[in-house]
Amino acid sequence: MSIDVLVVGSVNEDIVVSVERLPGPGETLLASELTILCGGKGANQAVAAARGGVRVALVGAVGDDDAGGRQGAALDGAGVDTRWLRRLTGVPTGTAFIQVDSRGENTIVVVQGANAHVALPVGDVEPQVVVTQNEIPPAAQQEAVALAARTGARLVINAAPAPESPPPWYGAADPLVVNEHEAAQLATSDEAGAGLLRQLRERTGARSVVMTLGERGALVDDGTEVHAIPPVVVEQVVDATGAGDTFVGVLAARLARGNDVVAAASAANRCAAKAVTWPG
Ligand code: RIB
């Protein structure tokens, strides 16, 4: 089976609590609901890409615990090829603790677990697009970058969670995808908008940069000029968790189908807007 999009990334079990508002430091709040969901930025992006109608495989790792079994089965059910999803003995599956407030905003803390052991190599594969992010070790990200270079695949890097400073391999990204928070972390000044995108492209060396702006749409620096992707009106934001992952997955699927980065980001923006209208 050939692969269009190869995601090298994290798999987590998401433990989600619904709260009226996010607690402050030292504060205890009562939650109205607890839900256990499938997550991890890599897994979410792989599922979104698969829903984008392309063949997707995930390179990742889970533990040999019940959570690992659940995550593997969910990915299989979503049509993601899991032949390179390793089940590791004696290591827990990655776990994310997520609080979602009544406006759909969240905070997330991740225990890396098996994601700390993600490693390539994968077998014989020549994907159109390779996707990676920061919930796996830098060495695994670099292997993903090398695989993309070796096979001539387009490389999508999602700088999430934001690193302290941009690693050198971000220069191979086409595009580098960030949200506003991650962009601010990677920037050296408090520029905004098109200026910020240009600064990120110059600082990282990325061939193109996409910045998601939540309800305000997105900006794309395709290497020549900056394009604004218009917002999509959403009636009610229920849960913004994973909206960025939906964006990245759909973007990758569209790039694999031959869209340019602006058209791909536009489709990704529409799907991410849809994704915030239901929980998880
Ligand atoms: O981007 C959302 C994801 O971040 C969650 O699914 C959680 O697992 C963390 O990885």
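First listed ligand is number 1; within each ligand, the first listed atom is number 1. For reference, positions follow the sequence shown, starting with 1. Because only heavy atoms are used, hydrogens play no part in the values below, and waters and symmetry mates are left out as well, while side chains stay in. Fair warning: this is a prediction, and the values are worked out from it, not measured in the lab.
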Worksheet item: Step by step, would you call N106 with D239 a side chain to side chain donor-acceptor pair (under 3.5 Å)?
Response: CA-CA 8 Å; N106 65 51; D239 184 359; 4.5 Å; no
Worksheet item: Restricting to pairs with a member in residues 203-212, which pass side chain to side chain donor-acceptor pair (under 3.5 Å), not counting sequence neighbours?
Response: D174-S208
Every pair of nitrogen or oxygen atoms between ligand 1 and the protein that is under 3.5 angstrom apart - can you list them with their distances to 0.1 Å?
unit_1, atom_1, unit_2, atom_2, d
ligand 1, 1 (O), K41, NZ, 2.8
ligand 1, 1 (O), D245, OD2, 2.7
ligand 1, 4 (O), K41, NZ, 3.1
ligand 1, 6 (O), D14, OD1, 3.4
ligand 1, 6 (O), D14, OD2, 2.6
ligand 1, 6 (O), G40, N, 3.1
ligand 1, 6 (O), N44, ND2, 3.0
ligand 1, 8 (O), N12, ND2, 3.0
ligand 1, 8 (O), D14, OD1, 2.6
ligand 1, 8 (O), G40, N, 2.9
ligand 1, 10 (O), N12, ND2, 3.1
ligand 1, 10 (O), K41, N, 3.4
ligand 1, 10 (O), E135, OE1, 2.9
ligand 1, 10 (O), E135, OE2, 2.7

Worksheet item: Hey, what else clusters with V17 if you join Ile, Leu, Val, Met, Phe, Trp, Tyr whenever side-chain heavy atoms sit under 4.5 Å?
Response: I15, L34, I36, F97, V111
Response to the item:
Besides V234, the hydrophobic cluster formed by Ile, Leu, Val, Met, Phe, Trp and Tyr side chains linked at under 4.5 Å, directly or via other members, contains V237, V276
Worksheet item: Does atom CZ of R51 have more than 12 heavy-atom neighbours from other groups under 6.0 Å away?
Response: no
Discussion item. Side chain to side chain donor-acceptor pair (under 3.5 Å), that's the test. Do T188 and Q199 meet it? Break it down for me.
Written reply: CA-CA 8 Å; T188 48; Q199 187 197 126; 3.0 Å; yes
